[in-house]
Amino acid sequence: MSIKENLNKLNTQLPHHVTLVAVSKTKPVSDLMEAYNIGHRIFGENKIQEMVEKYEEMPKDIKWHMIGHVQRNKVKYMAEFVNLIHGVDSLKLLKEINKQAKKHDRIIDCLLQIKIAEEDSKFGMSSKEASTVLQSEELSKLKNIKITGLMGMATFTDDMSQVEKEFKFLKSTFEDLKQLNTFNCELKTISMGMSGDYQLAIDCGSNMVRIGSSIFGERNYNN
Ligand SMILES: *Cc1c(COP(=O)(O)O)cnc(C)c1O
């Protein structure tokens with residue numbers, strides 16, 4: 001199936017309250033333009049450099065989501081245009097995003113990444129760390145960021161009961177932390193679910209899914 005067909009199919013399947021982030025990492029701009037040309041505007045990339053290059057080449061009404069792990073020294077390259085940063089996992093990083101956002105007179109929306117998987121390879125904070133950050137006085141001084149939700153990645157496994165357990169944990173963490181809303185923290189978004197598990201994620205309370213291979217096809221990391 002073509003990119004257009006894949007995307008149209010997904011759009012008819014997804015409930016209206018669920019936002020689709022088309023994960024376009026490693027794919028050429030021509031592929032992204034196929035999605036753009038049938039009206040898609042939200043794209044997710046996991047490398048800042050690649051996202052910047054695509055941003056420069058593509059129409060400016062696109063909303064760019066950074067879904068990968070963010071190195072602090074690279075925040076400056078995307079601060080001018082990034083629409084949502086999914087993988088925020090420390091107060092230090094929030095401070096850097098705040099600093100760079102301020103230079104552009106912007107408020108950048110961020111999701112806190114919660115570690116829900118058992119694998120050590122996955123980034124993120126514990127729910128307790130997130131709660132500490134949300135209640136910290138330092139956070140209340142950051143006027144150029146807004147925490148709008150949480151993001152999580154489940155363990156890479158065929159065991160769907162394991163994945164379900166992790167998604168439910170993220171949802172319950174979200175419900176707990178939502179009580180802590182302040183002027184720069186208003187939790188609305190739960191970013192969870194990828195090509196292999198988005199239906200389960202939505203059943204468990206996700207309202208933002210990040211889907212790559214089911215739209216653009218398998219990724220080839222060799223070219
Ligand atoms: C690559 C990636 C996705 C999309 O993965 P698919 O399995 O291709 O849908 C989603 N989220 C993150 C953080 C990713 O890096």
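Just so it is clear, the model here is predicted, and its values are computed rather than measured. Whatever order the structure lists them in is the order used to number ligands and atoms, beginning at 1.
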Got Asn207 and Thr19 here, is their nearest side-chain heavy-atom distance under 4.5 Å?
-> no

Just go through Ile211, Val21, Thr26, Ile67 and tell me whose heavy atom is the nearest to atom 13 (C) of ligand 1.
-> Ile67

Can you tell me which residue and heavy atom of the protein come closest to atom 11 (N) of ligand 1, and the distance to 0.1 Å?
-> Arg210 NE, 2.9 Å

Hey, is His86 one of the residues with a heavy atom under 4.0 angstrom from ligand 1?
-> no

Output for pair (Met208 CE, Ile67 CD1), nearest 0.5 Å, gives 11.5 Å

Fit a plane to each ring of His69 and Phe123, take the angle between them on a 0 to 90° scale, and name the class: parallel (under 30°), tilted (30 to 60°) or perpendicular (over 60°).
-> parallel

Passes salt bridge (charged side-chain N to carboxylate O under 4.0 Å, His left out), Lys25 versus Glu50? Steps please.
-> CA-CA 8 Å; Lys25 61 191 186 195; Glu50 185 176 341; over 6 Å; no

If you count the atoms of ligand 1 from 1 in the order shown, which ones are under 4.0 Å from a heavy atom of Gly212?
-> 4 (C), 6 (P), 8 (O), 9 (O)

Look at atom 10 (C) of ligand 1 and say which protein heavy atom is nearest, naming residue and atom and giving the distance to 0.1 Å.
-> Met194 SD, 3.3 Å

Cation-pi check, Lys60 to Tyr55: give yes when NZ or CZ is under 6.0 Å from the six-membered ring centre and within 45° of the ring axis, no otherwise.
-> yes

Enumerated ligand 1 atoms positioned under 4.0 Å from heavy atoms of Met153 | 13 (C)

CG on Asn184 to CD1 on Ile107, rounded to 0.5 Å | 9.0 Å

Report the nearest protein non-hydrogen atom to atom 9 (O) of ligand 1: residue, atom name, distance rounded to 0.1 Å.
-> Ser195 OG, 2.5 Å

For atom 1 (C) of ligand 1, which protein heavy atom lies nearest, and how many Å away is it?
-> Lys25 NZ, 1.4 Å

